[in-house]
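Notes for the one structure printed next.
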Amino acid sequence: MKKENCKTTALNKGVVSEYDFGAVKLYAYKTNDLIDDEVFILVKNGKGVCIELP
């Protein structure tokens, strides 16, 4: 995926990348914890859904 319209923010623990697709935003949170997973949050009209695979 090309990282166009992407804003990355470093946190104390991990990194959040925000992708803006107009009506929908995707937040990808790379946790940098022991299992090194990534959490995805889709937001539209002020409501969101969080996806984290086990």
Side-chain angles (χ1 to χ4, degrees):
M1 169 190 273
K2 290 183 182 178
K3 289 198 173 190
E4 297 176 5
N5 298 329
C6 177
K7 183 172 30 170
T8 302
T9 304
L11 305 174
N12 288 335
K13 185 90 172 178
V15 176
V16 175
S17 297
E18 175 187 340
Y19 300 89
D20 190 347
F21 298 105
V24 177
K25 287 188 179 183
L26 168 66
Y27 297 91
Y29 171 43
K30 184 167 174 61
T31 62
N32 289 340
D33 60 5
L34 293 174
I35 59 174
D36 199 31
D37 63 342
E38 193 159 4
V39 178
F40 300 100
I41 305 163
L42 292 163
V43 178
K44 181 177 180 182
N45 296 329
K47 297 181 180 181
V49 63
C50 182
I51 303 166
E52 182 177 13
L53 301 173

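Atom CG of N32 and atom CG of L11 lie 9.5 Å apart (nearest 0.5 Å).
Annotation for T8 and C6: closest pair OG1-SG, 3.9 Å, computed over non-hydrogen atoms.
Residues that satisfy the side-chain contact (heavy atoms from CB on, under 4.5 Å) test with I41, not counting sequence neighbours, are Y27, V39, V43, C50. Every residue meeting the side-chain contact (heavy atoms from CB on, under 4.5 Å) condition with D33, not counting sequence neighbours, appears here in chain and number order: K13, T31, I35, D37. The side-chain hydrogen bond (donor to acceptor under 3.5 Å, both in side chains) check on K44 picks up nothing, with sequence neighbours excluded. Annotation: salt bridge (charged side-chain N to carboxylate O under 4.0 Å, His left out) contacts of E18 (sequence neighbours excluded): K7, K25.
A single hydrophobic cluster is seen to contain both L26 and V49, as judged by linkage of ILVMFWY side chains at heavy-atom distances under 4.5 Å, directly or through other members. Linking ILVMFWY residues whenever their side-chain heavy atoms come closer than 4.5 Å, directly or via other members, leaves V15 and Y29 in distinct clusters.
Sequence neighbours left out, not one pair with a member in residues 45-54 passes salt bridge (Lys or Arg N to Asp or Glu O under 4.0 Å).
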